[in-house]
Amino acid sequence: MERRKFITVVGTAALAAPVLGSLTSVAANGNAFEGHKFPELGYAYNALEPYIDAQTMELHYSKHHKSYYNNFMTAAEGTDLLKTPMEQIFAGISKHSATIRNNGGGYFNHSLFWENMTPTKKDIPAGLKNAIEKDLGSVDAFKESFGKAAKTQFGSGWAWLSVDKSGKLFVSSTPNQDNPLMDVVDKKGTPLLCLDVWEHAYYLKYQNKRADYVDNFWNIVNWKVVNDRFAAAHS
Ligand code: MN3
């Protein structure tokens with residue numbers, strides 16, 4: 001029923017990727033904010049195999065992510081938050097409830113996460129590659145640093161590549177569903193690439209071996225999307 005309907009949506013979406021392209025750039029582009037939408041997945045549940053298995057993708061997207069979205073929308077009902085872009089909400093997240101912070105973060109972070117993965121291996125575009133080399137030493141040094149952030153984040157959380165206000169790239173990790181846009185985190189910036197290291201993101205396939213999941217992530221990064229986010233953050 002619901003599952004069949006979803007598969008149809010995925011099939012259609014796959015032809016029209018990228019489907020989430022405007023998520024972070026709505027406000028930046030000056031377009032009217034059209035409300036918080038649960039995003040379509042730009043590929044099938046099994047598209048990222050063998051690195052992320054189909055069952056994990058289905059549960060993660062249709063159950064975990066959907067719950068964050070639904071809970072956020074329920075908590076936001078009847079408030080201005082429904083008319084406020086997530087970036088703006090996060091900039092003042094310290095003034096909101098834990099429900100808004102956790103579920104708003106969960107809704108937003110996963111939307112970024114699905115979009116920055118792809119079944120089609122991509123090279124790192126020159127603009128982003130040059131910036132990584134300038135700010136983080138080399139692509140290998142960046143991967144090492146990002147991998148370390150992902151592997152050593154204690155408990156549930158996320159690893160990030162972001163760009164700060166001065167245009168400099170940095171790597172960080174956040175607990176729970178926090179992200180670099182939130183006023184409560186130490187290292188603030190615009191997220192370009194994220195990796196979910198909650199156990200629900202990898203446990204079915206990798207069990208306790210988070211490091212293997214993190215190392216395999218490099219096979220499915222959508223560098224074009226990361227580069228596009230970098231360019232948008234600059235313009
Ligand atoms: Mn998750």
Side-chain angles (χ1 to χ4, degrees), residues 2-3 6 10 13 19-20 23-24 36-75 86 89-90 93 98-119 146-147 149-162 171-182 184-185 191-222 225-226 229:
E2 199 175 68
R3 180 158 188 261
F6 171 73
V10 167
V19 284
L20 307 173
L23 186 80
T24 54
H36 306 294
K37 304 255 169 37
F38 185 67
E40 291 178 3
L41 199 59
Y43 37 78
Y45 289 137
N46 65 0
L48 303 179
E49 290 193 344
Y51 309 112
I52 300 180
D53 61 288
Q55 191 187 7
T56 295
M57 282 302 300
E58 178 169 3
L59 290 168
H60 201 173
Y61 172 80
S62 72
K63 305 294 183 195
H64 291 275
H65 189 194
K66 193 67 186 287
S67 294
Y68 291 123
Y69 173 74
N70 289 344
N71 292 340
F72 170 77
M73 292 303 278
T74 301
M86 295 310 295
I89 296 172
F90 293 146
I93 200 69
T99 304
I100 292 292
R101 176 171 167 182
N102 292 333
N103 291 288
Y107 156 49
F108 184 84
N109 297 348
H110 288 89
S111 301
L112 289 182
F113 181 47
W114 309 136
E115 193 190 49
N116 67 216
M117 294 190 289
T118 174
F146 185 97
K151 292 168 192 175
T152 59
Q153 166 60 39
F154 185 76
S156 298
W158 293 77
W160 303 92
L161 169 68
S162 308
V171 167
S172 65
S173 65
T174 55
N176 305 314
Q177 296 295 353
D178 288 354
N179 67 49
L181 292 164
M182 293 183 173
V184 292
V185 304
L192 308 178
L193 174 69
C194 60
L195 175 60
D196 188 340
V197 295
W198 284 57
E199 283 187 347
H200 68 228
Y202 63 87
Y203 209 85
L204 287 178
K205 180 179 171 66
Y206 294 91
Q207 291 86 44
N208 59 314
K209 297 188 279 289
R210 184 196 285 191
D212 291 353
Y213 161 72
V214 171
D215 291 339
N216 275 338
F217 177 58
W218 301 117
N219 292 297
I220 46 175
V221 170
N222 191 333
V225 164
V226 181
R229 289 175 184 166

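Indexing begins at 1, ligand by ligand and atom by atom, following the structure's order. Heads up: numbering here begins at 1 and tracks the sequence.
At a cut-off of 2.8 Å, H64 is not counted among the residues with an N, O or S atom near the Mn ion (ligand 1). H65 lies apart from the Mn ion (ligand 1) in this respect, since none of its N, O or S atoms is found at a distance under 2.8 Å.
When distances from the Mn ion (ligand 1) to the N, O or S atoms of H110 are compared, NE2 comes out shortest. Taking the N/O/S atoms of D196 in turn, the shortest distance to the Mn ion (ligand 1) belongs to OD2.
Of all heavy-atom pairs spanning P119 and L48, the tightest one is N-CD2, 3.7 Å. Pairing each heavy atom of L41 with each of Y61, the nearest pair is N-OH, 3.7 Å. Closest approach of C194 and F113 over heavy atoms only: O-CD1, 3.3 Å.
Between L195 and Y213, some side-chain heavy-atom pair lies under the 4.5 Å cut-off.
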